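Read the structure below first, then the notes.
What you see below is based on every heavy atom in this structure, not just the backbone, and it leaves out hydrogens, waters and symmetry mates. All of these numbers come straight from a predicted model, not from anything done at the bench.
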Amino acid sequence: MDRRKARKGIRPHGSGIQIDFVYQGRRYREKLAIAPTEANLKHADRTRNAILFDIAAGTLNLEKYFPNRHAAGIPSDSINAALDEFLKYKRLDCANSTLRDYKSAIDFHLRPKFGKLSFQEVSASMVRAWLADLAIGPKRKNNILIPLREIFKLAYRDGRIAHNPLDRIENLRNQPEDPNPFSPEEINTLLNASSGQVKNLFQFAFYTGLRTSELISLRWDDFDLVNKQIYVSRAKVRKVIKDTKTAAGRRTVKLLPYAVEALSRQRDFKSEEHKEIFLNPNTGKPWIDDGQIRKSAWYPLLRSASVTLRNPYQTRHTYASLMLTAGEDPFWVSVQMGHKNLQMTLKRYARWIPNRNQSGGEKVMLFLSQFSHSEAISV
């Protein structure tokens, strides 16, 4: 049984002794590299009292009491160690693509800035200044903050810090880029300037509205020739096949004649070795990701056709805008697109829905006219 006297703010910690105190609103747990004997615990208690006196006097110098706190360049309770733990348990329940994003954020942004610091040395103002200097977009900044937020949340819950500075950091507003769809004339220009599998791929993209990641994971057994539809159930992200982006993304898409035409031509390139419908004409193998399409097919085509450069996702916006402009039911378009709900479709594409407000109210009056009224309606 350990008969050593319990002392406030002092406790054995491995082969040393930990001293716990609060300074400038932050909780510190510093370690003395001395064996946790009764004599040394008394010494640690006196040290803590001296620290508290210096705090009250406004003269505290941590290096005076803990000269080796950064001797190895990294404190024992470093952000680095917490980030390692974060990646360790995220491997158990994260998709490979998500884990890769976390690792990229940690290795390229979080470790260089915060890795050698302790939790107590990070402030809200420090994080804000760092975010302001990052030359990346709001969405990426918010994603980079995810691992940092999580390790600070856990540190606060474990009592390692007195408050969580990340609670004072709000996510940056991310304004999605407005759709910039292609006109029918531009579509014809691009398709006329392309040929073979590249033409088939982009014609199918324009007239189905599928995401690029969904396009490159389509297989021939997903295609129902009799009913002119295709079943979308997977996506290929960073070379890895995964489920669609959302549950609503798993859907059956009705194929327009132009899309069926593209698939009919693509049958000439069907491979005995690969199940995928669309193959890279340069390798004869399935496309590995959307980046490969952008670099080797999409942007070269736009440049050769002298069409304003836009990313491949604009084919999806083009499909939605064409359907709505032509007067197709927005709910049907929403289902075709794999949106979670109709509101998502309307929020993104409402400006392409034809304005029919001039006749608003006529249908309900026609409906009501079928019933008798005790009094005539007059103005």
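At a cut-off of 3.5 Å, with distance as the only test, a side-chain donor of Q203 or E261 sits close to an acceptor on the other residue. Checking S321 against R348 by side-chain atom types alone, no donor-acceptor pair falls below 3.5 Å.
A salt bridge links R211 and E214; the closest N-O separation between the charged side-chain nitrogens and carboxylate oxygens is under 4.0 Å. Between D20 and K8 there is no salt bridge, since no side-chain nitrogen of the basic residue lies less than 4.0 Å from a carboxylate oxygen of the acidic one. Salt bridge R310/E186: present, at least one basic N to carboxylate O contact under 4.0 Å. Ion pairing of R111 with D84 is present here, as a side-chain N (NZ or NE/NH1/NH2) and a carboxylate O approach within less than 4.0 Å. Salt bridge annotation for K228-D224: absent, with no cationic side-chain nitrogen under 4.0 angstrom from a carboxylate oxygen. A salt bridge links R7 with E38: at least one charged nitrogen is closer than 4.0 Å to a carboxylate oxygen. Ion pair E276/K285 not flagged as a salt bridge, since none of the NZ, NE, NH1 or NH2 atoms sits closer than 4.0 Å to an Asp/Glu carboxylate oxygen.
A parallel orientation is assigned to the rings of Y28 and F21, their planes being inclined by less than 30° (bins at 30° and 60°). Between F206 and W298, the ring planes are tilted. Angles from 30° to 60° get that label. Using cut-offs of 30° and 60° for the angle between ring planes, the Y349 and W352 rings count as tilted.
Heavy-atom neighbours of R168 CZ from other residues, nucleotides or ligands within 6.0 Å: at or below the threshold of 12. Heavy-atom neighbours of E170 CD from other residues, nucleotides or ligands within 6.0 Å: at or below the threshold of 12. The neighbour count for K103 NZ, taken as heavy atoms of other residues, nucleotides or ligands under 6.0 Å away, does not exceed 12. Residue Y89 qualifies as enclosed at atom OH: its count of foreign heavy atoms under 6.0 Å is above 12. Within 6.0 Å of CZ in F269 there are more than 12 heavy atoms belonging to other residues, nucleotides or ligands.
Contact annotation: the side chain of Y231 never approaches that of L218 to less than 4.5 Å [non-hydrogen atoms, C-beta and beyond].
Each of F204, F223, W220 was compared with F278 under the ring pair (Phe, Tyr, Trp, His ring centres under 6.0 Å) criterion, and only F204 meets it.
A donor-acceptor contact shorter than 3.5 Å links the side chain of E121 to the backbone of S118. Checking side-chain atoms of S334 against main-chain N and O of P330 turns up no donor-acceptor pair under 3.5 Å.
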Inset, instruction - Go through Y319 and Q336 one step at a time and tell me if the side chain to side chain donor-acceptor pair (under 3.5 Å) criterion holds. - result: CA-CA 10 Å; Y319 173 84; Q336 288 278 109; 2.8 Å; yes
